Participant: 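Could you have a look at this structure, given as structure tokens, before my questions?
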There are 2 protein chains.
Amino acid sequence: MTAADQDRNISSSFAKGLAVLAVFDAETPSMTLAEIARRSGQDRATARRGALTLVQAGYLRQDGRMLSLTPRVLALAGGFLQANQFGRRVQPVLNRHARQMQIEVTLAMLDQGRVLLLAQSTVEHGHVTYGFTAGSHIPLAHTSLGRMLLAGLPEEEAAAGLAETDLPRHTEASLTDPAAILDRVGEARAQGYCLTDSEFEAGITGYAVPVSRPGQTPIVAGCSAPRGQQPEADAERLLRGLQLCAAELRQAEAVDHL
Amino acid sequence: MTAADQDRNISSSFAKGLAVLAVFDAETPSMTLAEIARRSGQDRATARRGALTLVQAGYLRQDGRMLSLTPRVLALAGGFLQANQFGRRVQPVLNRHARQMQIEVTLAMLDQGRVLLLAQSTVEHGHVTYGFTAGSHIPLAHTSLGRMLLAGLPEEEAAAGLAETDLPRHTEASLTDPAAILDRVGEARAQGYCLTDSEFEAGITGYAVPVSRPGQTPIVAGCSAPRGQQPEADAERLLRGLQLCAAELRQAEAVDHL
DNA sequence: TTGACAGCGTTCGCAAAGCGAACATTGTTG
DNA sequence: CAACAATGTTCGCTTTGCGAACGCTGTCAA
């Protein structure tokens, strides 16, 4: 009861339960109650009630002492995707450009100090590396998508956003100095696109361009490919393709109210 | 406290909050508090607390008096998709077969008396009609996917499942007699595939085959296309393609523990 | 073998969280 | 503009759910 008193309008039990649902991510597909409690920073008994409630609601499956998400959570995302007509207005555009560029195209935004993938084109010869999908989180600091997103924020917010995340060394090439990363972000802001090389995955170059209009919540499109023989030619071709894709998404006002 | 006493292990506030989150679907992208309360069958004050909590947690956005889902809900689905390696084990297979068949391929399962789309390939020339995505719900009774799913259940369960849903007449061809629909389901079970014609969308034929092994929770793959000049030839080609796709998914054990 | 221990899931009395009738506020109709 | 209808918000009473405490199970060292 200090300064931040509990708001009578907020249901704390509900908030805690949501935290339980949110701890399930790529690294930990199934967990015990104690693990959930630890990850969500809650008492074991509290986590237990939340988990059991989720089981009853059908969002969680209990298998012995392990708990894991059920496909029903997809329905929650489905509500969002349909509300924003992703199936009609976003996915076809991504697919078409992906086809023309012969590369997988991803749409992303910021979420809690990470990059949240909103949609992904699907094309045959995609060099599948991690197998990210819509809803996946990827790092902010060492990906072209992340830096382009930061570039869409006012400078001080970008610095703040970067400060919130930790900076693991994914590869030898990963920049670890926040100032150096902010330099690259500034560069991306100035030139209207972002390139990264080998900072997240060795040998892979990332490309990203903004989709949202200045002032809106930043949305970006990007792609990644193994570094080829003529990096400059590749970059020019792919960035041109991404710019066309981004322009078309803007035109369709597909991402204006995110 | 009559017979159905409240379980001490279940957090009712949390369950009610989840119900609020779940009312957002394709038909109602944004709602007022009163509408949410009505749809979730809760008191307005209760719905309000749930909604405000969701706003604070970042899953809902408040815009005047309208509330709508934010992209963060995608992260919940992302947890499931990554846990089950959809990006690596399912999506590529669907994409490859879709490419070969030159048609959009969908993976689906049962959820609350409807068909829940789990994943969807995307090809260029897809005749985009509704713009469904992963997480979308489609009707159970009048789609080939739905009937094939019912065929994967024991007969009495299929009948029960069908009884739960209402049977709107989407088109003139929609079967409205439950017994007639169960006949088709039985047929699908017997022959190992399901065809429907114009029952959901006029002029569109749907094709579906089972993916899950007998006894598991039913999972099916399917596709749909405008009825062409040689329906039999189309059916043979598409069903063959779907069977190959389904076999490969089974082989990869991609959907065994759903 | 056994005692001590660490980690897990589960219980229960008490504090506080949230339910919903009642109220305030805003839009709508005759 | 008065009467109404529908929405958003408050507050006292009750129910819910918090977390210390418990029992159980597997693990390690003496």
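Throughout, protein chains are lettered first and strands after them, A, B, ... in sequence-line order, and every chain is numbered starting at 1. Values below: all heavy atoms of this structure, side chains included; hydrogens, waters and symmetry mates excluded. Note that this is a predicted model, so its numbers are computed, not measured.
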Participant: Applying a 4.0 Å non-hydrogen cut-off, can you work out what A:Ala34 is touching in the nucleic acid: base, sugar-phosphate, or nothing?
Facilitator: sugar-phosphate
Participant: Reading DNA chain D from 5' onward, which residue's closest nucleotide shows up sooner: A:Lys16 or B:Ala45?
Facilitator: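 Per heavy-atom nearest nucleotide, the more 5' residue is B:Ala45.
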Participant: Please list all pairs meeting salt bridge (charged side-chain N to carboxylate O under 4.0 Å, His left out) that have one or both residues in residues 19-28 of chain B, counting only residues at least two apart or in different chains.
Facilitator: none
Participant: Tell me: CZ of A:Arg44 to P of C:dT11, nearest whole Å?
Facilitator: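 Rounded to whole Å, this separation is 14 Å.
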Participant: Return the nearest nucleotide to the side chain of A:Arg48; candidates are D:dT7, C:dG9, D:dC18.
Facilitator: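 Among D:dT7, C:dG9, D:dC18, the one nearest the side chain of A:Arg48 is C:dG9.
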Participant: Do A:Leu117 and A:Leu107 pass the side-chain contact (heavy atoms from CB on, under 4.5 Å) test, and can you show the C-alpha distance, the side-chain angles, and the key distance before you say yes or no?
Facilitator: CA-CA 6 Å; A:Leu117 305 194; A:Leu107 195 71; over 6 Å; no
Participant: Compare side-chain N and O positions of B:Thr32 against OP1 and OP2 of D:dT7 and report whether any pair is under 4.0 Å apart.
Facilitator: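 For D:dT7, OP1/OP2 do not have a side-chain N/O of B:Thr32 under 4.0 Å.
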Participant: Please tell me whether A:Phe80 and B:Phe24 form a close aromatic pair, meaning their ring centres lie under 6.0 Å apart.
Facilitator: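 They do not qualify: ring centres at least 6.0 Å apart.
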Participant: When you check the phosphate oxygens OP1 and OP2 of C:dC8, does a side-chain N or O of A:Arg65 lie under 4.0 Å from one of them?
Facilitator: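 A:Arg65 to C:dC8 OP1/OP2: no side-chain N or O under 4.0 Å.
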Participant: Mind checking whether A:Phe200 and A:His170 have ring centres under 6.0 Å apart?
Facilitator: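 Centroid separation for A:Phe200 and A:His170: below 6.0 Å.
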Participant: Could you tell me which non-hydrogen atom of A:Ala47 sits nearest to which non-hydrogen atom of A:Ile36, and how far apart they are?
Facilitator: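 In terms of heavy atoms, the two residues are closest at CB-CG2, 4.2 Å.
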Participant: Nearest 0.5 angstrom please: B:Thr32 OG1 to B:Met66 CE, how far?
Facilitator: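 One finds 6.0 Å between OG1 of B:Thr32 and CE of B:Met66.
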Participant: Given atom CZ of B:Arg39 and atom P of D:dT7, what is their separation to the nearest angstrom?
Facilitator: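 About 13 Å, once rounded to whole Å.
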Participant: What integer distance in Å separates B:Asp43:CG from D:dC13:P?
Facilitator: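 After rounding, the reported distance stands at 18 Å.
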Participant: Look at A:Arg38 and C:dC8 and indicate whether a side-chain polar atom (N or O) is within less than 4.0 Å of OP1 or OP2.
Facilitator: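 Answer yes for this pair, as a side-chain N or O of A:Arg38 is under 4.0 Å from OP1 or OP2.
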Participant: I need the CG-P distance between B:Asp63 and D:dG8, as an integer number of Å.
Facilitator: 14 Å
Participant: Give a yes or no on whether a donor-acceptor pair under 3.5 Å exists between the nucleobase atoms of C:dG18, that is its base, and the side chain of B:Arg49.
Facilitator: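 Between C:dG18 and B:Arg49, which were checked side chain against base, a qualifying N/O pair under 3.5 Å is absent.
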Participant: For C:dA17, does OP1 or OP2 lie under 4.0 Å from any side-chain N or O of A:Ser11?
Facilitator: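 Negative; the distance criterion is not met.
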Participant: Looking only at the side chain of A:Asn9 (C-beta and beyond, no hydrogens), which of the listed nucleotides D:dG8, D:dG19, D:dT10 gets closest?
Facilitator: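 Shortest atom-to-atom distance from the side chain points to D:dT10.
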Participant: Counting side-chain heavy atoms from C-beta on, which of C:dT10, D:dT7, C:dG20 comes nearest to A:Leu33?
Facilitator: C:dT10
Participant: Can you tell me how far P of C:dT11 sits from CG of A:Leu52, to the nearest Å?
Facilitator: 10 Å
Participant: What is the distance, rounded to the nearest whole Å, between atom CZ of A:Phe14 and atom P of D:dG17?
Facilitator: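 Interatomic distance, CZ of A:Phe14 to P of D:dG17: 13 Å.
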Participant: Apply side-chain contact (heavy atoms from CB on, under 4.5 Å) to A:Leu69 and A:Leu21, showing your working.
Facilitator: CA-CA 8 Å; A:Leu69 292 174; A:Leu21 188 58; 3.8 Å; yes
Participant: For DNA chain C, list all stems, counting runs of three or more consecutive pairs where every pair is Watson-Crick or G-U wobble with both distances under 3.5 Å.
Facilitator: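 Counting only runs of 3 or more consecutive pairs, the stems involving DNA chain C are C:1-30 with D:1-30.
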Participant: Roughly, in whole Å, what's the span from CD1 in B:Ile10 to C1' in D:dC18?
Facilitator: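 Roughly 16 Å, once rounded to whole Å.
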Participant: Just to confirm, is there a sub-4.0 Å distance from OP1 or OP2 of C:dG18 to any side-chain nitrogen or oxygen of A:Ser13?
Facilitator: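 Result: yes.
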Participant: Return all side-chain donor-acceptor pairs below 3.5 angstrom for residues 150-157 of chain B, not counting sequence neighbours, or 'none' if the list is empty.
Facilitator:
none

Participant: So, does B:Ser12 get its side chain near the phosphate of D:dG17, meaning an N or O under 4.0 Å from OP1 or OP2?
Facilitator: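 Answer yes for this pair, as a side-chain N or O of B:Ser12 is under 4.0 Å from OP1 or OP2.
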Participant: From CE of A:Met66 over to C1' of C:dC8, roughly how many Å is that when rounded to an integer?
Facilitator: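 After rounding, the reported distance stands at 13 Å.
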